[in-house]
Amino acid sequence: MLKIRIIPCVLLQKGQLVKSIGFKDFRTLGHLTPTMRIYNARNVDELIILDIEASKSGEIDFESIEDLAKECFMPLSIGGGIKKLEDIQKILNLGADKICINSKALEDVDFIARAANRFGSQCLVCSIDVKRKDGKFCVYDRGNLLELNPLELALEYEKKGAGELLLTSVDFEGRALGYDLELLQIFQNKLKIPLIINGGLGKPSDGVEALNLGADALAGAYIFHFSKYTPKDVKEELARQGFAVRMN
């Protein structure tokens, strides 16, 4: 049985790690090295770092990525600002295990196939941000709502060679009120690749609800920095509910 992964998903901004609420209202989590050491000590399964400055400027902070990789003792995914295959190659060479693609895949869906063919689907995470508009789920990209169906887009990414999908609810992100279960229901049993749900994890039972609706892994950040809960607390609750987790 595959073990459920607990994955902090945090943002890199000007050399610091931060957390947002609805992709704004940023709060600093700390400098790179101390924060990495905390994650290492807390036995998380993987880590996703999204470089939001690179997403805006197109200039990837390779120096910070190298520092992160040196301190990170778990699988590390890096996203933000990736525009070409050479960016992926450099990030992987610096020590990352996976890369996360969002805007580039929206601009050029065939980039996924080229990346998968060169580096393998196992290191390719495609990210889709979703926000409601008039009761309808829309794809969200750098402040813009796109008239794209999130599930249809995810299926296209899967077809092109994505190895995993990171699905983030912008409306729920950073609010610690639970995952967007209505969004998850749309995706339930539709993908063959693992689905990482992100945005809203506030207590261990939120993870149980998401897994029961088909999520394969749980991403979050606010819960691990601004609440009483630790990754271990989440894993213990999942284990009590019969899910397989890595405790050590």
> Can you name the nearest heavy-atom pair linking Cys9 to Asn198, along with the distance?
Replying inline: SG-ND2, 3.8 Å
> With a 4.5 Å heavy-atom cut-off, do Lys104 and Ile82 have their side chains touching?
Replying inline: no
>> Applying a strict under-4.5 Å side-chain criterion to I, L, V, M, F, W and Y, I'd like to know whether Phe73 and Val44 cluster together.
In response: no
>> Quick check: do Leu124 and Ile99 have side-chain heavy atoms less than 4.5 Å from each other?
In response: yes
> Would you find a donor on one side and an acceptor on the other, under 3.5 Å apart, between the side chain of Arg5 and the backbone of Val245?
Replying inline: no
>> Could you walk me through whether Asp87 and Lys84 satisfy the salt bridge (charged side-chain N to carboxylate O under 4.0 Å, His left out) test, starting with their C-alpha distance in whole Å, then the side-chain angles of each, then the deciding distance to 0.1 Å, before giving a yes or no?
In response: CA-CA 5 Å; Asp87 294 335; Lys84 53 188 184 293; 3.2 Å; yes
>> Just verifying a value: how many Å separate Asp97 CG and Gln122 CD, rounded to the nearest 0.5 Å?
In response: 10.5 Å
> Is the backbone N or O of Thr230 less than 3.5 Å from a side-chain atom of Asp233, with the two atoms forming a donor-acceptor pair by type?
Replying inline: yes
> Is the closest side-chain heavy-atom distance between Asp108 and Arg114 below 4.5 Å?
Replying inline: yes
> What are the two closest non-hydrogen atoms of Ile193 and Ala162, and how far apart are they?
Replying inline: CG2-O, 3.5 Å
> Would a 4.5 Å heavy-atom cut-off, applied to side chains only, mark Val10 and Ile49 as touching?
Replying inline: yes
> Is there side-chain contact between Phe137 and Asp180, with heavy atoms separated by less than 4.5 Å?
Replying inline: yes
>> Let me confirm one number: the CD1-CG distance from Ile65 to Leu94, rounded to the nearest 0.5 Å.
In response: 6.5 Å
> Got Leu165 and Glu158 here, is their nearest side-chain heavy-atom distance under 4.5 Å?
Replying inline: no
>> Tell me which pairs pass ring-ring contact (aromatic ring centres under 6.0 Å, His included) where either residue lies in residues 85-135, with sequence neighbours left out.
In response: none
>> Assess whether a salt bridge exists between Glu209 and Lys203, defined as any Lys/Arg side-chain N lying under 4.0 Å from an Asp/Glu carboxylate O.
In response: no
>> Please evaluate residues Glu152 and Lys190 with respect to the criterion salt bridge (charged side-chain N to carboxylate O under 4.0 Å, His left out), reporting the C-alpha separation (whole Å), side-chain torsions for both, the decisive distance (0.1 Å), and the verdict.
In response: CA-CA 10 Å; Glu152 291 178 2; Lys190 298 295 194 306; over 6 Å; no
> Any link between Leu155 and Leu148 through a network of hydrophobic side chains (Ile, Leu, Val, Met, Phe, Trp, Tyr) touching at under 4.5 Å?
Replying inline: yes
>> Could you tell me if the side chain of Leu106 sits less than 4.5 Å from the side chain of Leu153, heavy atoms only?
In response: yes
>> List the residues meeting side-chain hydrogen bond (donor to acceptor under 3.5 Å, both in side chains) with Gln13, not counting sequence neighbours, and say none if there are none.
In response: none
>> Within the supplied structure, the quantity of interest is the number of heavy atoms (other residues, nucleotides, ligands) at a distance under 6.0 Å from Glu63 CD; does it exceed 12?
In response: no
>> Has Asp51 got a side-chain atom pairing as donor or acceptor with Asp61's backbone, closer than 3.5 angstrom?
In response: yes
Side-chain donor-acceptor contacts of residues 212-226 below 3.5 Å, not counting sequence neighbours, with atom names and distances?
residue: Asn212; atom: ND2; partner: Val208; partner atom: O; Å: 3.3
residue: Asp216; atom: OD2; partner: Leu195; partner atom: N; Å: 2.8
residue: His225; atom: NE2; partner: Tyr39; partner atom: OH; Å: 2.6

> Taking atom CG of Leu12 and atom CG of Leu68, what is their separation to the nearest 0.5 Å?
Replying inline: 6.5 Å
> Same hydrophobic cluster for Tyr229 and Ile197, using side-chain heavy-atom links shorter than 4.5 Å among ILVMFWY?
Replying inline: yes
>> Using 0.5 Å steps for rounding, measure from the SG atom of Cys72 to the CD atom of Glu46.
In response: 9.5 Å
> Should Glu107 and Lys83 count as an ion pair when the cut-off is N to O under 4.0 Å?
Replying inline: yes
>> Heavy-atom count check: over 12 atoms from other residues, nucleotides or ligands less than 6.0 Å from Lys159 NZ?
In response: no
>> Between Asp141 and Asn102, does the side-chain contact (heavy atoms from CB on, under 4.5 Å) criterion hold? Intermediate values first, please.
In response: CA-CA 8 Å; Asp141 180 47; Asn102 190 324; 4.2 Å; yes
>> For the backbone of Ile6 and the side chain of Asp45, can you confirm whether one donor and one acceptor N or O come within less than 3.5 Å of each other?
In response: yes
> What is the minimum heavy-atom distance between Tyr157 and Ile112, and which atoms define it?
Replying inline: CD2-CD1, 3.2 Å
> Are the side chain of Asn43 and the backbone N or O of Met247 linked by a donor-acceptor pair below 3.5 Å?
Replying inline: yes
> What closest approach, in Å, do Cys138 and Leu145 show between heavy atoms, and which atom pair accounts for it?
Replying inline: CB-CD2, 4.1 Å
> Is there a side-chain contact between Lys136 and Lys133, using heavy atoms and a 4.5 Å cut-off?
Replying inline: no
> Leu177, Leu181: one ILVMFWY side-chain cluster at the under-4.5 Å cut-off?
Replying inline: no
> Are the side chain of Asp171 and the backbone N or O of Arg132 linked by a donor-acceptor pair below 3.5 Å?
Replying inline: yes
> Considering all heavy atoms of both residues, which atom of Leu76 and which atom of Ala69 are nearest to each other, and what is their separation?
Replying inline: CD2-CA, 3.9 Å
> What heavy-atom pair brings Lys160 and Ala116 nearest, and what distance separates the two atoms?
Replying inline: O-CB, 4.3 Å
> Are Leu151 and Leu184 connected in a single hydrophobic cluster, I mean Ile/Leu/Val/Met/Phe/Trp/Tyr linked by side-chain heavy atoms less than 4.5 Å apart?
Replying inline: yes
> Would you find a donor on one side and an acceptor on the other, under 3.5 Å apart, between the side chain of Thr168 and the backbone of Gly199?
Replying inline: no
> Roughly how far, to the nearest 0.5 Å, is the CD atom of Glu66 from the CG atom of Asn93?
Replying inline: 10.5 Å
>> Once rounded to the nearest 0.5 Å, what's the spacing between atom CD1 of Ile196 and atom OG of Ser77?
In response: 6.5 Å
